[in-house]
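A short write-up of the structure that comes next.
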Amino acid sequence: MIPISPAMTDAAFALALALLLLAPLAIAGVAFINTGLGRSRSAAQALLGNLAIVAVTAIVFALVGATFAGSLPGTPGSAGFVFQAAGKPWNWLGAGPFLLGGLAAAPAQAQLAVLFEFMAVAMAALIPWGSGADRFRLTAGCAAAAAMAGIVFPLLAHWVWAGGWLSQLGVNFSLGAGFLDPGGAATVHMFGGLSALAVIWIAGPRKGKFPKEGLATALPGHNAVYILFGCMIALVGWLAWNLAGALIWLHAPLAALPVTAINTVLAASAALVATFTVTRVRFGKPDASLCANAWLAGLVASSACAALVTPGVALAVGFIAGIATPLLVEFLELAVSIDDPSGAIAVHAAGGLLGLLAAGLFAPQQGQLVAQLVGIATLLGLVFPLVYLLFWVLNRLHPFRADADGERIGMDLHELGGGAYPEFVIHRDESYR
Amino acid sequence: MKYAGLLVMPAGFFLSIAALTLFPAPAPRAGFVLCGLAVEVLGLVVAVRGHMQARGGSRP
């Protein structure tokens with residue numbers, strides 16, 4: 001049975017609701033960053049794709065996902081599916097009401113949980129869309145988002161947030177407080193980052209990215225203003241997201257929220273300063289898009305640990321994220337031939353991993369680190385192959401990648417019939433010669 | 001090779017889960033969970049190498 005959480009005070013409910021209404025700013029920020037990091041001839045398709053994915057995930061999650069996430073305790077069937085192994089219950093699948101039936105009558109906190117999940121699934125599905133920039137078809141992106149929202153995310157959300165087996169590791173195996181992920185570092189960001197890797201492998205690199213001879217071609221983002229403005233919006237959204245997560249999933253007292261907010265800002269700030277320094281030392285000048293990636297990586301890492309650690313630890317986590325992000329982006333591109341325009345693997349997958357480890361290392365409960373490791377093992381060993389399989393099947397049914405003509409003229413003209421910047425002269429791409 | 005790597009990764013997950021049920025003591029349990037994670041990382045490395053080989057043969 002899903003544990004019924006302690007009742008939320010009216011003040012905490014009102015605050016959590018207000019915060020969740022600000023959380024879409026994080027989604028908007030990531031959408032801006034995704035668009036700015038792509039090329040100008042695909043900008044309208046990229047931004048429309050972000051919007052379409054938010055819409056598709058909301059519909060699919062309401063139709064199918066929320067039922068299996070099972071976040072409405074007290075409704076018929078909400079206990080979910082449980083099997084017994086080694087004398088312990090393993091709650092592996094939720095069984096909530098169809099089409100959110102009974103939502104209005106559910107406890108206030110459960111309604112907030114469902115609203116949080118709606119935001120979370122949209123954010124998770126946006127992440128691979130950014131990585132497939134300039135070659136990922138709009139309809140295929142929506143299909144991938146539907147698969148994420150209807151099949152994989154509900155499983156994860158149930159396991160981590162709705163009384164599933166990962167959240168019960170503390171009760172059943174004395175592993176701290178069970179797997180902790182108040183801001184969605186695993187359920188949203190690591191999941192999204194690993195899905196991005198699956199999309200990149202299946203869709204392949206952009207044409208001309210990896211020539212037969214020589215190093216990878218640099219295909220820089222087309223609009224640094226979008227990217228950096230997206231970072232600023234994302235900060236507001238992330239603050240709201242982390243505070244709402246602490247209230248809903250950790251039942252944090254109101255007095256604990258300022259520290260969570262400060263930790264969020266510190267993690268992002270330290271990451272930015274670290275990358276600014278690393279790129280300044282390596283390239284002679286700071287790199288704007290890598291600094292933006294690091295800012296986001298710091299925010300992602302804070303999703304797991306901002307509500308659980310001290311400001312000093314948040315600063316250290318951000319600093320490590322800031323050093324690792326540019327190096328990892330470079331390694332993935334140059335050493336592993338991964339064409340990830342938005343840097344989702346370094347930012348979301350690695351950033352989320354770092355935050356989850358920090359939460360395990362610095363949380364006061366005994367055994368918390370092992371609980372976090374089991375959660376990470378679940379994402380890497382079970383969720384990633386499952387997502388790859390789903391995307392592989394989807395790609396067979398409806399190819400992810402646009403045809404060569406689409407790549408040549410840009411996704412805007414190919415898929416939408418018009419560009420984002422019709423008055424601009426589009427330069428011919430030398431890499432197609 | 002990529003698919004072999006992807007198949008190894010769930011094996012690492014099941015190792016980690018087995019650790020929870022087989023070892024009540026914290027130290028061996030943590031060690032076994034880490035072994036499971038190591039197997040997953042190994043699977044990922046194999047998959048990445050397989051992907052690179054496949055890409056190497058089909059570069060434009």
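Reminder, nothing fancy here: chain letters follow the sequence lines and each chain counts from 1.
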Discussion item. Please classify the contact of B:V48 with chain A as side chain, backbone, both or neither, using a heavy-atom distance under 4.5 Å.
Written reply: both
Item to complete: Below 4.5 Å from any heavy atom of chain B, which atoms of A:L386 appear? Answer side chain, backbone, both or neither.
Response: neither
Worksheet item: What part of A:L169 lies closer than 4.5 angstrom to a heavy atom of chain B: side chain, backbone, both or neither?
Response: side chain
Worksheet item: Which bit of B:L15 comes within less than 4.5 Å of chain A, counting heavy atoms only: side chain, backbone, both or neither?
Response: neither
Worksheet item: Given a strict heavy-atom distance threshold of 4.5 Å, which part of A:L369 is in contact with chain B: side chain, backbone, both, or neither?
Response: neither
Item to complete: Using non-hydrogen atoms and a 4.5 Å limit, figure out which bit of A:A335 sits close to chain B: side chain, backbone, both or neither.
Response: backbone
Worksheet item: Checking heavy atoms, do the side chain of A:F173, its backbone, both or neither come under 4.5 Å from chain B?
Response: both
Item to complete: Side chain from CB out, backbone as N, CA, C, O: work out which of these in B:L6 comes under 4.5 Å of a heavy atom of chain A, or both, or neither.
Response: both
Worksheet item: Relative to the ring of A:W201, is the ring of A:Y388 parallel (under 30°), tilted (30 to 60°) or perpendicular (over 60°)?
Response: perpendicular
Item to complete: For the pair A:F400 and A:F136, name the ring-plane relationship: parallel under 30°, tilted 30 to 60°, perpendicular over 60°.
Response: tilted
Worksheet item: Where does B:A47 contact chain A at under 4.5 Å (heavy atoms): side chain, backbone, both or neither?
Response: both
Discussion item. At a 4.5 Å cut-off on heavy atoms, which part of B:P10 comes close to chain A: side chain, backbone, both, or neither?
Written reply: both
